[in-house]
Amino acid sequence: MDPIQSLPGTEDILPTCQWLGSDIKVAPVHTWQRVEEVARELFRRATYREIRTPCFEQTLLFERGIGTATDVVSKEMYSFRDRSDRGCTLRPEGTAGAVRAYVQHSLYAQGGVQRLWYSGPMFRYERPQKGRQRQFHQIGVEVLGSADPRADVEVIALATDLLQGLGLKNLTFYLNSVGDLHDRQRYRDALVAYLTPYQADLDPDSQHRLVHNPLRILDSKDQKTQAIVAAAPSILDYLADQSHWHFDQVQQQLAGLGIEFIVNPRLVRGLDYYSHTAFEIQSTDLGSQATVCGGGRYDGLVEALGGPATPAVGWAIGLERLTLVLEKLNPNQPASPEVYLVSRGEKAEANALYLAQQLRQAGLAIDLDLSGSAFGKQFKRADRSGAPVCLVLGEEEAAQALVQIKWLGSGQQTTLSQADLLQNPAQLRQLAQG
RNA sequence: GCGGGUGUAGCCAAGAGGUUAAGGCAGUGGAUUGUGGUUCCACCAUUCGAGGGUUCGAUUCCCUUCACUCGCCCCA
């Protein structure tokens with residue numbers, strides 16, 4: 001019988017690395033846990049609170065929130081009808097759901113600014129490749145209720161602190177402003193006017209986009225298109241005074257915090273709801289899917305989803321890409337047990353189980369050998385477990401309520417009384433060090 | 001949706017139209033039935049992703065199919 005495989009574009013995160021040839025395909029789970037720990041601590045310090053929203057929503061939410069013209073909505077959604085014939089969609093990103101919850105529960109009525117974070121699986125029906133899956137994971141933040149450029153800078157600082165706190169190198173931070181709706185409309189017209197004479201020279205995709213989504217032509221990877229776009233007007237010349245001021249403030253304040261950035265006027269982001277600040281953090285340690293973090297301001301979204309006009313800014317980090325980079329940079333070992341417990345014989349085995357239970361309750365990480373095989377084999381496993389010491393319980397020790405402690409590094413061994421050990425289990429940790 | 005690559009054990013792999021399908025890692029058992037890290041021995045693919053074809057003979061050649069993978073589009 002053929003074993004059942006996971007669906008394409010979905011991956012298991014295992015206790016050990018998943019390899020793809022000599023490349024790491026999926027980082028081991030302890031690497032994910034490290035990211036989550038560092039992130040939680042940063043969020044705590046900056047007073048962001050977690051929000052957990054459903055993994056699926058009404059399809060309409062994403063159509064309204066992200067925009068029907070975007071690729072994410074028009075061709076990448078995991079949509080289905082439930083038994084009551086409701087249109088449902090597995091969330092392709094986290095912002096729409098968070099904003100929906102914000103509106104549904106009138107979080108704006110609490111006044112002031114809401115700082116939120118979330119983490120979880122997202123779904124897009126795309127062809128999987130390196131750093132891109134159908135089920136992937138994001139961790140993200142949203143600040144709702146502030147139009148202040150400091151809010152933009154605060155969230156950006158959070159992202160750079162997180163990535164740097166994890167020890168990432170080779171990152172490039174690209175910053176842009178896409179202005180407000182009016183700025184963008186004027187720029188769009190100017191861009192179309194500039195590109196139309198070159199229409200025939202553009203790559204086929206871009207010719208199509210000239211009609212539907214001209215801004216996207218700016219970051220085409222086609223060389224010829226790139227050459228044409230190089231001389232195109234810049235959106236930064238089309239920002240109204242207010243937009244311009246906002247962008248200036250963001251840049252000055254970023255500089256004030258010592259955060260390095262590159263202004264890239266050709267950076268456009270795929271989702272409709274962005275306004276003003278848009279940014280991306282890329283890593284050179286990935287394949288062609290290099291963006292680790294993407295975000296920006298979305299002042300119109302809350303209103304578009306039926307709430308009061310509320311400015312907002314946020315980002316999302318792709319955890320597959322982040323953990324991949326992290327693992328490539330410094331592969332780290334999972335924690336070894338503190339003690340490996342070896343036993344042989346019926347009485348001794350029962351005694352060992354009891355000891356393990358007691359020591360675990362005292363907070364020690366005990367690996368209890370369950371194999372029942374010869375001592376020799378058990379010591380072999382003890383050695384491989386990476387534990388600094390092992391406890392040995394044979395029939396003789398069990399009969400006298402003793403236990404032997406053996407240092408796996410030196411091979412030295414002495415006898416302890418079980419009663420004494422259980423009286424003060426923490427001494428094991430000291431013994432293990434010495 | 002479009003293009004390229006790859007399928008030999010849990011993992012990494014060699015092989016080539018002829019029948020015992022190398023080797024390494026991991027695993028299991030033993031030398032060593034109460035003491036590991038070294039060493040030695042044994043075991044570990046009735047079968048080369050699946051189906052069909054050519055052939056006396058196919059894992060190798062041809063076709064089909066499936067799976068995986070990288071890239072384009074787009075995004076985290």
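Residue numbers start from 1 in every chain, and the chains themselves are labelled A, B, ... in the order their sequence lines are given, proteins ahead of strands. Bear in mind that the values here come from a model prediction, so they are computed numbers and not experimental data.
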Trainee: To the nearest Å, give me how far apart CD1 (A:I66) and C1' (B:A76) are.
Mentor: 13 Å
Trainee: Report which part of the nucleic acid A:E11 touches: base, sugar-phosphate, or nothing (heavy-atom distance under 4.0 Å, all strands).
Mentor: sugar-phosphate
Trainee: Do the side chains of A:E338 and A:R429 get close enough for a salt bridge, i.e. N-O under 4.0 angstrom?
Mentor: yes
Trainee: Looking at B:G1, does its base get a donor-acceptor pair with the side chain of A:K75 below 3.5 Å?
Mentor: no
Trainee: Do any side-chain nitrogens or oxygens of A:R91 fall under 4.0 Å of OP1 or OP2 in B:A76?
Mentor: no
Trainee: Mind checking if A:Q413 touches a base, just sugar-phosphate, or nothing, with heavy atoms under 4.0 Å?
Mentor: base
Trainee: Would you call A:I139 and A:Y118 a side-chain contact if the rule is heavy atoms closer than 4.5 Å?
Mentor: no
Trainee: Rounded off to whole Å, could you give me the CZ-to-P distance for the A:F375 and B:G37 pair?
Mentor: 16 Å
Trainee: Taking OP1 and OP2 of B:C72, is either one under 4.0 Å from a side-chain nitrogen or oxygen of A:Q129?
Mentor: yes
Trainee: Mind calculating the distance between CG (A:L7) and P (B:C66) to the nearest angstrom?
Mentor: 16 Å
Trainee: Distance check needed: B:G1 P versus A:H208 NE2, whole Å only.
Mentor: 17 Å
Trainee: Do other residues, nucleotides or ligands put more than 12 heavy atoms under 6.0 Å from the OH atom of A:Y194?
Mentor: yes
Trainee: With heavy atoms under 4.0 Å as the rule, sort A:E395 into base, sugar-phosphate or nothing.
Mentor: base
Trainee: Identify which nucleotide among B:G34, B:G30, B:A67 has an atom closest to any side-chain atom of A:R344, counting heavy atoms from C-beta outward.
Mentor: B:G34
Trainee: According to a strict under-4.0 Å criterion, is A:S288 in side-chain N/O contact with OP1 or OP2 of B:C72?
Mentor: yes
Trainee: Tell me what A:E320 touches on the nucleic acid: a base, only sugar-phosphate, or nothing, going by heavy atoms under 4.0 Å.
Mentor: nothing
Trainee: Would you call A:K25-A:E11 a salt bridge at under 4.0 Å N-O?
Mentor: yes
Trainee: Do the ring centers of A:F43 and A:W117 come within less than 6.0 Å of each other?
Mentor: yes
Trainee: Mind checking A:G131 for me? I need base, sugar-phosphate or nothing, with any heavy atom below 4.0 Å counting as a touch.
Mentor: base
Trainee: How would you label the contact of A:Q133 with the nucleic acid (heavy atoms, under 4.0 Å): base, sugar-phosphate, or nothing?
Mentor: base
Trainee: Write down the distance between CD (A:E76) and P (B:C2), rounded to a whole number of angstrom.
Mentor: 16 Å
Trainee: Roughly how many Å apart are B:C43 and B:U65, using the P atom of each and rounding to a whole number?
Mentor: 43 Å
Trainee: On a whole-Å scale, what distance lies between the P atoms belonging to B:C72 and B:C61?
Mentor: 31 Å
Trainee: Hey, where does RNA chain B pair up into stems, meaning at least three consecutive Watson-Crick or G-U pairs with distances under 3.5 Å?
Mentor: B:1-7 with B:66-72, B:10-12 with B:23-25, B:27-31 with B:39-43, B:49-53 with B:61-65
Trainee: Would you mind classifying the nucleic acid contact of A:C390 as base, sugar-phosphate or nothing, using non-hydrogen atoms under 4.0 angstrom?
Mentor: nothing
Trainee: Map A:K380 and A:G294 onto RNA chain B by nearest heavy atom, then report which one ends up closer to the 5' terminus.
Mentor: A:K380
Trainee: Would you call A:R115-A:E154 a salt bridge at under 4.0 Å N-O?
Mentor: yes
Trainee: Does A:Q282 place a side-chain N or O at less than 4.0 Å from the phosphate oxygens OP1/OP2 of B:A76?
Mentor: no
Trainee: Within less than 4.0 Å of OP1 or OP2 of B:A26, is there a side-chain N or O belonging to A:R381?
Mentor: no
Trainee: Look at the side-chain N and O atoms of A:T291 and state whether any lies under 4.0 Å from the OP1 or OP2 oxygen of B:A76.
Mentor: no
Trainee: Using the P atom on both, measure B:G57 against B:G18 and round to a whole Å.
Mentor: 14 Å
Trainee: Kindly say whether the aromatic ring centers of A:F173 and A:F279 come within a distance under 6.0 Å.
Mentor: yes
Trainee: Can you confirm whether the side chains of A:N264 and A:E280 place a donor and an acceptor under 3.5 Å from each other?
Mentor: no
Trainee: Is there a salt bridge (charged side-chain N to carboxylate O under 4.0 Å, His left out) between A:R91 and A:E93 once you walk through the steps?
Mentor: CA-CA 5 Å; A:R91 61 181 180 192; A:E93 50 93 58; over 6 Å; no
Trainee: Would A:T95 and A:E142 count as having a side-chain donor-acceptor pair, cut-off 3.5 Å?
Mentor: yes
Trainee: Report the distance from atom NZ of A:K25 to atom P of B:G10, rounded to the nearest whole Å.
Mentor: 16 Å
Trainee: Output yes if the stacking criterion (under 5.5 Å between centres, under 30° between planes) is met for A:F379 over the base of B:G37, else no.
Mentor: no
Trainee: Can you check the distance between B:C11 and B:A16, where both ends of the measurement are the C1' atom (answer in whole Å)?
Mentor: 24 Å
Trainee: On a whole-Å scale, what distance lies between the P atoms belonging to B:U35 and B:U47?
Mentor: 42 Å
Trainee: On the nucleotide B:G36, are OP1 or OP2 found under 4.0 Å from the side-chain N or O atoms that A:K406 carries?
Mentor: no
Trainee: Does A:K130 or A:F136 map to a spot on RNA chain B nearer the 5' end, using the closest nucleotide for each?
Mentor: A:K130
Trainee: Say you pick atom C1' in B:C41 and the same atom in B:G5; how far apart are they, in whole Å?
Mentor: 42 Å
Trainee: Suppose you measure atom C1' in B:A26 against the same atom in B:C44; what distance do you get, rounded to whole Å?
Mentor: 11 Å
Trainee: Find the distance A:R127:CZ to B:C68:P and express it as a whole number of Å.
Mentor: 10 Å
Trainee: Under 4.0 Å between any heavy atoms, over every strand shown, what does A:R384 touch: base, sugar-phosphate, or nothing? Just pick one.
Mentor: sugar-phosphate
Trainee: Is a donor-acceptor pair below 3.5 Å formed from side chain A:E397 to base B:G34, judging by atom type as modelled?
Mentor: yes
Trainee: Check every strand shown and say whether A:G411 touches a base, only sugar-phosphate, or nothing at a heavy-atom separation below 4.0 Å.
Mentor: base
Trainee: Expressed in angstrom and rounded to an integer, what is the separation of A:Q207 atom CD from B:C72 atom C1'?
Mentor: 16 Å
